[in-house]
Amino acid sequence: LIRIPSVNPPGDEREVADFVVSELEQVGIDVRVQHVKRKRPNVIGIVDQISEKHGLMLNAHMDTVQACDGWSIDPFKGRIKSGRLYGLGACDMKGALASMICAAKALKRSRIQLKSGFLLTAVVDEEVGQTGARALVADAVTAGSAVVGESTDMAIGVAHKGLLRIEIKTVGRAAHGSVPGLGINAIEKSARVLALLQDVRKNVCSTSHVSLGKAIMNIGVIQGGIAANIVPDSCKIEVDFRTLPSQSAETILAEINSRLEKLRKIDSRFHAHAKILKLLEPMEISRNQDIVQALSAAIMTIAHKRARIAGLPYWTDASTLVNVGLIPTAVCGPGRVEGGHEPDEWIGLRALVDATKVYATAAFYMCKDLEQSDSSPKSKHLV
Ligand SMILES: [Zn+2]
């Protein structure tokens, strides 16, 4: 997988998709290819379609970020050294994709009778546009639960923050710098926006989430003016919020707009408006969901330890599966959380094997015939 580049941008997952298809077809797993857009195919492996509803979806993305500076080895070589596999995407997240493929193949080969089938979905474009996961749910590809295999060091991620980027543009009137009274200085007016944002921060970033901590606000861009002798007619501020599951983008935008409106009422020369530039919804599921129980039991069975339930510092496709697809989804994958997007990215071979066993065991728990089997997800001694 590492030797097949799928760098995004620009984004072209066709060869990785072909590889996934051939791996799954080798053992007789039915495969559907969903064309998301040009050069961007999602792969949907269907392991034993028994009933209408699939018990589980194992989900991984096929794209990688670009190789950053500082690699000491070829990022596309896939070199194995001292129990580690090095390469671009090893950790984020071709490692988990390989584990999921092997888990699906193992269950298919085992001929264990499952009560419901399960899906393996390898999607495009997680790193940039998130169009792959969205296309899945738009096409009603669904399951009772899902696992997204982003690196968590096999902790079970039940929540992550959202991302909300808002632009506030202050509009003034241009004039020569020698007669500023004829214009309206948009940069000076923007100073009020900066002050207002401090009040917004107090509100938005005060509540705390049990596993995610507080929301974050960062003023990251301020742009305005073209020359020192011209009164600037516009000034743009960009603010980045990392939001909690309880917070909505509309509420935050409405708060900013109502504060801007108040400023306008006391200063008729103040004109500013806010708009959403980017929105990725936060994600949260209950710790009591079946998928959390199944993964916990699988981790106990395979690794003989209690799984850690966690909030995650980064955004994942689980947001789309949960918020749009309404599929209870946990994030659980091999590798260090901070392992992706850095030079000499690697994943431990042992971690890959363990993850494979955990995915297969969890899939078994989620899809087995409850009436015919005694082994509940609480059992510690299966497989
Ligand atoms: Zn990823």
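Just follow the structure's listing: the first ligand is 1, and inside any ligand the first atom is 1.
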Undergrad: Salt bridge (Lys or Arg N to Asp or Glu O under 4.0 Å) with Glu342: which residues, sequence neighbours excluded?
TA: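 Only Arg336 meet the salt bridge (Lys or Arg N to Asp or Glu O under 4.0 Å) criterion with Glu342.
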Undergrad: Does the His54 side chain pair with the main chain of Leu56, one donor and one acceptor, at a distance under 3.5 Å?
TA: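 Not a single qualifying donor-acceptor pair exists.
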Undergrad: Provide the full list of salt bridge (Lys or Arg N to Asp or Glu O under 4.0 Å) pairs with a residue in residues 295-324, sequence neighbours left out, each pair given once.
TA: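 Salt bridge (Lys or Arg N to Asp or Glu O under 4.0 Å) check on residues 295-324 returns no pairs.
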Undergrad: Taking side-chain contact (heavy atoms from CB on, under 4.5 Å) as the test, write out the residues that go with Ser6, two or more places apart.
TA: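 Only Glu13, Val16, Thr64, Lys94 meet the side-chain contact (heavy atoms from CB on, under 4.5 Å) criterion with Ser6.
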Undergrad: So which protein N/O/S atoms does the Zn ion (ligand 1) have within less than 2.8 Å?
TA: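 Listed by chain and number: His61 NE2, Asp92 OD1, Glu150 OE1, Glu150 OE2.
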Undergrad: Short question: side chain of Asp139, backbone of Ala135 - any donor-acceptor pair under 3.5 Å?
TA: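 Between the backbone of Ala135 and the side chain of Asp139 there is no qualifying donor-acceptor contact (under 3.5 Å).
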Undergrad: Can a salt bridge be assigned to the pair Arg14 and Asp12 using a cut-off of 4.0 Å between side-chain N and carboxylate O?
TA: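 Looking at Asp12 together with Arg14, the answer is yes, because their closest N to O distance falls below 4.0 Å.
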